[in-house]
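Working notes, structure below.
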Amino acid sequence: MARERVAIIGAGVGGLVAALDLARAGADVTVLERTASPGGKMRAEALSAGGPRIEAGPTVFTMRRVFDEIFSDAGTSLDAHLTLRPLEVIARHAWSSAERLDLFADIEQSVAQIAAFAGLREANGYRAFCARARDIYQTLDASFIRAERPDVQSLVRRVGLSGVGSFWRVNPFLSLWRALGDNFSDPRLRQLFGRYATYCGSSPFLAPATLMLVAHVEQEAVWSVAGGMSRVAEVLADLAQKHGASFRYESEATEIILSGGRVAGVKIAGADQLPVDAVVVNADIAALAGGLFGGAARRALPQGQATRSLSAMTWVTNASTDGFPLARHNVFFSRDYAAEFDAIFQHSRMPGEPTVYVCAQDRDAGAEIDDGAPERLLILVNAPAIGDRHRFEPAEIEQCAHRTFGQLARCGLRVNWDHAQMITTTPNDFAARFPATGGALYGQASHGWKASFTRPSTRTPIPGLYLAGGSTHPGPGVPMAAISGRMAAAQAIAAFASTGRSRRAAMPGGMSTR
Ligand SMILES: Cc1cc2nc3c(=O)[nH]c(=O)nc-3n(C[C@H](O)[C@H](O)[C@H](O)COP(=O)(O)OP(=O)(O)OC[C@H]3O[C@@H](n4cnc5c(N)ncnc54)[C@H](O)[C@@H]3O)c2cc1C
């Protein structure tokens, strides 16, 4: 019997995982990727040919069990391919050169730090917050995150009577910022835990309280990956290839062709047309909605404008630092968090004083950096996703760099940076990498309690057309995009089976489509 032919558009983590699962199930898989390598947002840069690779995308690896399952279903293990180490210090936070707070993997260690930093009441508030975040995560894991097409009714049904209490206790109608007021009166702690909204590209002042589940995900464990997160993508691509998927790099899909209302092929820029039975779109759904895959495929999504999530301005460099003992993950908070998000979301401007994230990639448990030695850094500030309608000119980029490095200096960190040894990525660059997004890095913003329900499901109304990636359900972040890749693959496989075309009725060891 002929094998089902599937094209995956995009080799981001969602596309790679879908490719692996589909190839394992016996489908004839072709991954089309417009750039020269796998990973999408998971990427590393080198400042010179042959120089050290510096991670320029995601750096915080969480929910490893998602990847443990993917690798074990593929007949291997995550540990056989990647070396992961749990971090003792989840992140170091600073508000000035005198105010510094570490969050630890061990809750009691954090409690002690918070007590010393902000008093016993806040420390108790933190303990209660951890329980609250765990509660909401456990309630939403099966009922929402891993559910195929959650809406409010199905969520309530899935949560069941026992879970309804914990769901409403969180009060999803409150903003994360307001909900944090129940646990913390110190604004610095509200800022620290409110920042988790930015992991979904959103403002803590507008995101729903349910996003506190991100705090629990980090509390479970944050891992460092030897060789960097971009290795995760490389390993997934190798594994998919080993299971028979083929990869065509520098191949841009320009149209999804329908015949008789269902998917029949993909047009590739400057090349042949690929006849297929199914397509998984791993590009941001804004590209599909914006007609970049043709007018017919566009109808897979409801029309309408969603608020774009955050973009970023980033710098990767290999520079020496002094004045501040960096951990692997570091956050330097602005003095006016509300003004920062107001500038970005209400005025589409770079904030006057940004909160700055610094990933010091050579710092691992126990790893020391010699005084004056250069180290690999990713420095990131949030930005509005206006990369398709505003040109960031050199003077504006320079001003942002000065504000960013000035903010680090205010908190005691000097980075001895040099223009020649630095790669800057602006919302313009992100917009060029991820077409139709304006540089938004997390799909649509999760603003308001309904936003999560409006993110499209991985199955579309067009037979044979599936979606995977951070702009689809269950949302952004490496593990979430991987989950969506699994869902899309499982749905395609189930559809093949139900139309009697499949060589196998079900994917061995795969996840259910619910
Ligand atoms: C700077 C930064 C920091 C981040 N930090 C973290 C973090 O610490 N932890 C975390 O979990 N997440 C983080 N994220 C988010 C995370 O990286 C993403 O949610 C996730 O990687 C998205 O994966 P995806 O499957 O949506 O694919 P993407 O990474 O969006 O890749 C999509 C791919 O599709 C390709 N493509 C698009 N159009 C076409 C076309 N027409 N034809 C062919 N190919 C096409 C693109 O080239 C790209 O390779 C971060 C993101 C960024 C940018």
Side-chain angles (χ1 to χ4, degrees), residues 7-19 30-43 45 55-64 66-67 91 198-201 214 217-218 222-223 225 228-230 232-233 236-237 247-256 266-269 279-288 290 292-294 297 309-316 328-329 357 359 378-383 425 427 429-430 432-437 439-443 458 467-472 474-485 488:
I8 315 273
I9 301 178
V13 64
L16 292 169
V17 168
T30 306
V31 181
L32 303 170
E33 168 54 54
R34 67 198 284 272
T35 68
S37 53
K41 295 181 178 84
M42 300 167 93
R43 74 181 220 277
E45 300 269 13
E55 292 298 310
T59 50
V60 179
F61 190 72
T62 54
M63 293 176 80
R64 71 164 281 171
V66 170
F67 289 89
T198 65
Y199 286 30
C200 295
V214 182
V217 164
E218 274 208 357
V222 172
W223 304 84
V225 182
M229 291 277 276
S230 53
V232 179
L236 282 170
F247 283 73
R248 290 174 61 168
Y249 291 108
E250 297 178 326
S251 293
E252 177 160 14
T254 54
E255 189 178 345
I256 296 169
V266 179
K267 272 193 191 158
I268 303 165
V279 166
V280 178
V281 175
N282 177 227
D284 193 292
I285 58 150
L288 186 61
L292 297 195
F293 299 116
S309 60
L310 292 167
S311 186
M313 180 95 77
T314 66
W315 295 267
V316 293
R328 189 178 183 88
H329 302 292
Y357 165 73
C359 179
L378 165 67
I379 298 164
L380 178 150
V381 298
N382 294 319
T425 307
D429 303 311
F430 284 120
R433 279 175 187 277
F434 307 110
T437 63
L441 297 170
Y442 314 87
T458 49
L467 311 174
S471 59
T472 67
V478 169
M480 295 294 183
I483 289 173
S484 76

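Indexing begins at 1, ligand by ligand and atom by atom, following the structure's order. Each residue takes its place number in the sequence, starting with 1.
- Checked against a 3.5 angstrom limit, the closest N/O atoms of Leu380 and ligand 1 fall outside it.
- Looking at ligand 1, you'll find an N or O of Val478 within less than 3.5 Å of one of its N or O atoms.
- Distances between N or O atoms of Phe293 and those of ligand 1 include no value under 3.5 Å.
- Under the 4.0 angstrom criterion for non-hydrogen atoms, Ala468 is not in contact with ligand 1.
- Between Thr314 and ligand 1, not a single N/O pair is under 3.5 Å apart.
- In this structure, Tyr357 and His329 have parallel ring planes: the angle between them is below the 30° cut-off, well short of the 60° mark.
- Relative to atom 8 (O) of ligand 1, the option among Asn282, Val232, Thr425, Val60 with the closest non-hydrogen atom is Val60.
- Close contacts between ligand 1 and Gly470 involve ligand atoms 24 (P), 26 (O) [criterion: under 4.0 Å to a heavy atom].
- Residue Ser471 does not touch ligand 1, judged by heavy-atom distances below 4.0 Å.
- When only interatomic distances are considered, the shortest N/O to N/O separation between Thr35 and ligand 1 does not fall below 3.5 Å.
- Here the closest heavy-atom approach between residue Arg43 and residue Thr425 is recorded as NH2-OG1, 3.2 Å.
- At a 4.0 Å cut-off, not a single heavy atom of Pro38 sits close enough to ligand 1 to count as contact.
- For the pair Ile256/Val281, a side-chain contact is recorded, criterion being any heavy-atom separation below 4.5 Å from C-beta on.
- Side chain of Thr472 to backbone of Thr458: no donor-acceptor contact under 3.5 angstrom is found.
- Look at Gly443 and you'll find every heavy atom at least 4.0 Å from all atoms of ligand 1.
- Remark: among candidates Pro58, Gly57, Ala233, Ala253, the nearest residue to atom 7 (C) of ligand 1 is Pro58, based on non-hydrogen atoms.
- Atoms CE and CZ, on Met42 and Phe61 in that order, are 7.0 Å from each other to the nearest 0.5 Å.
- Ranking the protein heavy atoms by distance from atom 23 (O) of ligand 1 puts Val13 CG1, 3.5 Å first.
- Nearest heavy-atom pair, Glu33 versus Ala11, reported as atom, atom and distance to 0.1 Å: OE1-N, 2.8 Å.
- Scanning the protein heavy atoms around atom 31 (O) of ligand 1, the nearest turns out to be Gly12 CA, 3.4 Å.
- The minimum heavy-atom distance between Phe67 and Pro479, with the atom names listed, is CE1-CA, 3.9 Å.
- Within ligand 1, counting atoms from 1 as listed, the ones closer than 4.0 Å to a heavy atom of Gly14 are 25 (O).
- The shortest heavy-atom contact between Gly39 and Leu16 is N-CD1, 4.3 Å.
- Across all their heavy atoms, Val478 and Val13 have their closest contact at O-CG1, 3.8 Å.
- Of the protein's heavy atoms, Ile9 CG2, 3.6 Å lies nearest to atom 40 (C) of ligand 1.
- Here the protein heavy atom with the shortest distance to atom 30 (O) of ligand 1 is Lys41 NZ, 2.6 Å.
- Interface of Ala481 with ligand 1, defined as ligand atoms under 4.0 Å from a residue heavy atom, comprises 23 (O), 25 (O).
- Of the possible polar contacts, none joining the Glu45 side chain to the Ala56 backbone as a donor-acceptor pair under 3.5 Å is found.
- Close N/O approach between Gly477 and ligand 1 is found [any backbone or side-chain N/O within under 3.5 Å].
- Checking only distances, Tyr442 never comes within under 3.5 Å of ligand 1, N or O to N or O.
- Close contacts of ligand 1 with Gly10, meaning ligand atoms under 4.0 Å from a residue heavy atom, involve 33 (C), 34 (O), 35 (C), 44 (N).
- The CE atom of Met63 sits 13.5 Å away from the CH2 atom of Trp223 when rounded to the nearest 0.5 Å.
- When only non-hydrogen protein atoms are considered, atom 37 (C) of ligand 1 lies nearest to Ala283 CB, 3.5 Å.
- In this structure, the side chain of Glu55 does not engage the main chain of Leu378 through any donor-acceptor pair within 3.5 Å.
- For a threshold of 3.5 Å applied to N or O pairs, the pair formed by Pro479 and ligand 1 contains no separation below that value.
- Listed by number with element, the atoms of ligand 1 under 4.0 angstrom from any heavy atom of Leu32 are 43 (C), 44 (N).
- Here's the thing with Glu33: one of its N/O atoms is less than 3.5 angstrom from an N/O atom of ligand 1.
- Listed by number with element, the atoms of ligand 1 under 4.0 Å from a non-hydrogen atom of Ala56 are 1 (C).
- Looking only at heavy atoms of the protein, atom 36 (N) of ligand 1 is closest to Arg34 CD, 3.7 Å.
- For the atom pair CG of Asn282 and CD1 of Ile9, the computed distance is 9.5 Å after rounding to the nearest 0.5 Å.
- Taking CG of Asp284 as the reference point, atom CG of Leu292 lies at 10.0 Å (rounded to 0.5 Å).
- Remark: the backbone N or O of Arg433 is paired with a side-chain donor or acceptor of Arg34 at under 3.5 angstrom.
- How far CG of Leu32 is from OH of Tyr249: 11.0 Å, rounded to the nearest 0.5 Å.
- Minimum heavy-atom separation, Glu218 to Val60: OE2-CG1, 3.6 Å.
- The distance from ligand 1 to the heavy atoms of Ser251 drops below 4.0 Å at these ligand atoms: 42 (N), 43 (C).
- Ligand 1 places these atoms under 4.0 Å from at least one heavy atom of Gly39: 29 (O).
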